Undergrad: 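I have a structure here, written as structure tokens, and I will follow up with some questions on it.
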Amino acid sequence: MAGRIRDDDIALVRERTRIDEVVSQYVTLRPAGAGSLKGLCPFHDEKSPSFNVRPQVGAFHCFGCAEGGDAIAFLQKIEGIGFVDAVERLAVSAGVQLRYVDGGQPERKQSGSRARLVEAHKAAATFYAEQLHTAGDAAAGRTFLAERGFDRAAAETFGVGFAPRGGSALLSHLRGRGFSDDELVTAGLAASSARGRYDRFRGRLVWPIRELSGDVVGFGARRLFDDDRIDAKYLNTPESPIYHKSQVLYGVDLARREIARRSQAVVVEGYTDVMAAHLSGVPTAVATCGTAFGEDHARVLRRLLLDQDEFRGEVIFTFDGDEAGQRAALRAFEGDQQFVSQTYVAVEPTGLDPCDLRLQHGEGAVRDLIARRIPLYRFVLENKLKRFDLDRADGRVDALRSTAPLVGSVRDRAKVSAYVRELAGMLGMEVEEVRAEVYRVIGAPAKGGPATRNDRGSLRVRPAPAGRNAPASGAAPAPGTPLPDPADQALMAERELLKLVVQSPTLAGPAFDALEDDDFTHPAYVALRQAMEAAGGAGTSSGGDGWVSALGDKAVDETVRGLVTALAVEPLRAAGQPDERYAGSLLARVQELAVARRITDVKSRLQRMNPVEQTDTYNKLFGELVGLEQHRRALRERAVGGLA
């Protein structure tokens with residue numbers, strides 16, 4: 001019988017799970033001060049990082065799209081799975097043996113669900129890998145690998161396997177493990193015909209294609225036998241609920257850490273090229289899977305590179321030197337604006353790909369190929385110039401008209417002048433003549449200000465922004481509680497105090513619990529104070545991800561839940577490590593502001609009263625005003641003293 005996971009086990013999973021380790025499987029995180037980490041949000045496209053992680057409290061929050069939560073919520077969102085699946089996956093990593101209410105058992109994964117399809121692929125990858133070294137027909141696959149310089153250890157590192165030539169070997173194997181034919185067809189592991197179901201991959205060498213998390217979601221299969229009924233040299237998994245070829249990169253699971261560490265990604269063309277590059281000391285190599293490099297691939301690499309102004313990396317494409325390679329380079333250049341990182345191209349003059357280059361000239365030659373990279377724009381520029389007769393005046397003019405848009409499309413505006421001079425030298429023309437044409441094409445004066453692309457990729461001059469770190473535009477808040485402005489100075493003390501209580505409740509303790517709703521002015525902050533009270537109060541909490549999770553559970557709506565995660569990751573304004581003195585100063589400041597509002601109210605009432613006709617009431621209010629003023633001064637001294 002299925003059961004619900006016990007609450008204390010869920011709490012233990014949260015406690016033992018490091019959210020930064022979970023998030024780092026998908027996003028490169030950099031220190032952002034005061035115990036915070038920052039990266040590019042995986043849930044929306046952005047150029048400047050607004051995705052924050054606070055490991056101490058086990059929370060993440062994006063200030064661009066307002067997504068937030070704990071490690072469980074992150075895994076649910078990024079993998080598209082349910083709460084129970086996310087807890088069970090994290091429990092395995094955390095070493096927690098889950099128990100279920102009323103002695104129930106883990107709920108069987110729903111047929112056809114993502115979890116089931118991933119499990120089927122995992123089992124298939126293991127089966128294929130075993131077949132490579134046991135099946136008789138697999139000798140052709142082992143020979144193929146050996147002829148390309150890959151031994152058994154290399155095959156095991158990359159999970160290379162062999163699909164038996166029979167029509168249902170994998171089907172029979174997976175049926176025996178409880179998978180239905182419909183699930184295997186949906187997953188792309190099997191296909192249907194008039195005669196029934198059969199293995200999609202037969203008699204081929206197969207490479208498992210993994211996501212960033214390491215989950216196998218598809219396969220690439222190479223033709224080995226002449227009697228193979230499918231003529232295509234490579235056959236890939238079809239589109240499925242878990243496999244989208246425009247979003248996956250072969251080798252990214254092995255390369256992601258090195259991509260982040262080196263701020264470099266090398267895009268090669270095939271599975272064996274990825275293997276050769278890694279084995280040659282280029283562990284940042286990845287490849288697309290049966291499709292051209294596109295926008296979704298770029299987004300994956302940008303998140304790993306932390307591709308933004310403060311952390312510039314490099315993306316290196318390898319292409320053949322033939323016409324097809326030149327067309328591929330031009331397509332890559334057209335998508336160049338997707339990156340902040342610099343884009344390069346590495347082309348072997350002899351036309352050898354990384355796999356053949358390693359085989360014929362050794363691993364050092366592969367490293368040298370990458371080291372000899374040239375800017376992608378220059379590669380495209382030189383290939384365009386080859387089409388014109390530069391010994392003729394009209395040829396030079398035509399060449400200038402063809403290449404000026406390339407120079408003008410370079411993102412780094414500071415480099416345009418240098419590239420103009422370089423192009424002038426290549427054409428044998430005056431620099432001013434080339435500069436005038438470049439700026440004419442991009443629609444800017446020759447001595448204009450900074451420019452940016454519009455939606456069509458052309459450039460338009462615009463004034464420089466007032467600041468680089470302008471707030472990212474975010475999603476509209478959920479209906480209900482209004483969203484407070486983080487930059488509102490009038491609310492800063494309230495926000496800072498609530499932030500402190502979310503992150504370190506023990507510092508404020510019972511003194512915070514003694515505050516009332518009237519001590520806060522913004523509805524969201526009032527709602528958060530109420531959630532803190534409902535969660536047991538700061539005086540009973542030891543903090544950590546359990547506290548943050550409890551606050552989210554007690555929040556009245558999505559806006560307040562988002563506020564919880566936002567405050568959990570937002571850095572405190574304390575000059576050093578926050579302590580009880582800092583907490584006391586914030587408490588005093590919030591109380592002082594509340595007293596000030598009361599003073600304003602009393603003064604307003606006194607002004608409306610007639611002291612002769614309402615003497616007793618007037619004198620009572622006046623006495624209250626005097627007491628409030630004294631209390632306010634005392635609170636101000638405490639507030640200032642705590643911050644001094």
Side-chain angles (χ1 to χ4, degrees), residues 17-71 73-75 77-78 211-214 249 252-266 283-284 286 297-316 338-344 411-412 465 467-474 486 499 503 545 548 565-578:
T17 299
R18 286 188 57 90
I19 190 170
D20 51 326
E21 293 180 354
V22 175
V23 174
S24 292
Q25 296 180 38
Y26 305 87
V27 180
T28 293
L29 299 172
R30 306 277 186 175
S36 291
L37 301 169
K38 182 179 285 189
L40 291 172
C41 181
F43 305 127
H44 80 288
D45 195 21
E46 61 179 3
K47 290 294 185 181
S48 295
S50 57
F51 183 86
N52 290 257
V53 176
R54 189 86 168 176
Q56 296 93 325
V57 296
F60 77 92
H61 186 84
C62 177
F63 290 94
C65 67
E67 288 289 347
D70 58 9
F74 178 84
L75 198 59
K77 177 73 175 177
I78 197 77
E211 291 183 317
L212 283 166
S213 63
L249 289 165
V252 73
D253 58 307
L254 299 175
R256 64 181 181 84
R257 295 192 184 277
E258 287 299 315
I259 289 174
R261 188 176 72 85
R262 302 187 183 200
S263 293
Q264 178 198 78
V266 177
T284 58
V286 296
H297 298 124
R299 291 190 184 98
V300 173
L301 292 185
R302 288 192 63 241
R303 292 204 305 270
L304 297 179
L305 287 164
L306 190 51
D307 182 45
Q308 49 103 8
D309 289 343
E310 287 78 9
F311 301 101
R312 291 201 173 196
E314 56 181 30
V315 179
I316 304 169
Q338 299 170 64
F339 293 102
V340 173
S341 297
Q342 297 301 302
T343 48
Y344 297 86
R411 287 187 318 275
D412 192 337
R468 289 177 63 180
N469 297 321
S473 59
K499 189 192 312 178
Q503 297 180 17
D545 52 359
V548 174
T565 57
L567 297 185
V569 303
E570 189 175 301
L572 288 161
R573 293 173 173 264
Q577 187 69 22

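Keep in mind it's a predicted model, so treat the numbers as computed, not measured. The analysis underlying the following values was restricted to heavy atoms, covering all of them including side chains, and did not include hydrogens, waters or symmetry mates.
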Undergrad: Could you please spell out the steps behind the ring pair (Phe, Tyr, Trp, His ring centres under 6.0 Å) verdict for Phe43 and Tyr26?
TA: CA-CA 11 Å; Phe43 305 127; Tyr26 305 87; 9.1 Å; no
Undergrad: Which value, rounded to the nearest 0.5 Å, describes the distance between Ile78 atom CD1 and Glu211 atom CD?
TA: 9.0 Å
Undergrad: Measure the shortest side-chain to side-chain distance between Asp545 and Asp70 over non-hydrogen atoms and say whether it is less than 4.5 angstrom.
TA: no
Undergrad: Return the OG1 to CZ distance between Thr28 and Arg261, rounded to the nearest 0.5 Å.
TA: 12.5 Å
Undergrad: Kindly give the heavy-atom pair with the smallest separation between Arg262 and Pro283, and that separation in Å.
TA: NH2-CG, 3.5 Å
Undergrad: What is the minimum heavy-atom distance between Pro55 and Leu37, and which atoms define it?
TA: CG-CD1, 3.9 Å
Undergrad: Is the shortest side-chain heavy-atom distance between Val23 and Phe51 below 4.5 Å?
TA: yes
Undergrad: What is the distance from atom CZ of Arg303 to atom CG of Leu29, rounded to the nearest 0.5 Å?
TA: 11.5 Å
Undergrad: Kindly give the heavy-atom pair with the smallest separation between Val22 and Ala71, and that separation in Å.
TA: CG2-CB, 4.4 Å
Undergrad: Considering only heavy atoms from C-beta outward, does the side chain of Ile259 approach that of Leu305 to under 4.5 Å?
TA: yes
Undergrad: With a 4.5 Å cut-off on side-chain heavy atoms, are Glu67 and Cys41 touching?
TA: no
Undergrad: How close do Ser263 and Arg30 get, heavy atom to heavy atom, and via which atoms?
TA: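 Residues Ser263 and Arg30, closest heavy atoms: OG-NH2, 3.4 Å.
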Undergrad: Start with the C-alpha distance between Leu304 and Val252, add both sets of side-chain angles, then the distance that settles side-chain contact (heavy atoms from CB on, under 4.5 Å), and finish with yes or no.
TA: CA-CA 10 Å; Leu304 297 179; Val252 73; 3.7 Å; yes
Undergrad: Does the side chain of Gln503 come within less than 4.5 Å of Leu567's, by heavy atoms?
TA: no
Undergrad: Testing the basics here: between Arg302 and Leu40, what is the closest heavy-atom pair and its distance to 0.1 Å?
TA: O-CD1, 3.4 Å
Undergrad: Report yes if the side chains of Leu212 and Gln25 come closer than 4.5 Å at any heavy-atom pair, otherwise no.
TA: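 Sidechains of Gln25 and Leu212: no contact.
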Undergrad: How long is the gap from CZ on Arg573 to NZ on Lys499, to the nearest 0.5 Å?
TA: 6.0 Å
Undergrad: Might you point out which heavy atoms bring Thr565 and Gly69 nearest each other, and give the distance in Å?
TA: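 Nearest pair, atom of Thr565 first, then Gly69: CG2-N, 2.9 Å.
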Undergrad: Hey, are the side chains of Arg54 and Asn52 touching, using non-hydrogen atoms and a 4.5 Å cut-off?
TA: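 Answer no - side chains too far apart.
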Undergrad: How long is the gap from CZ on Arg299 to NE2 on His44, to the nearest 0.5 Å?
TA: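 Nearest 0.5 Å value for the CZ-NE2 distance: 11.5 Å.
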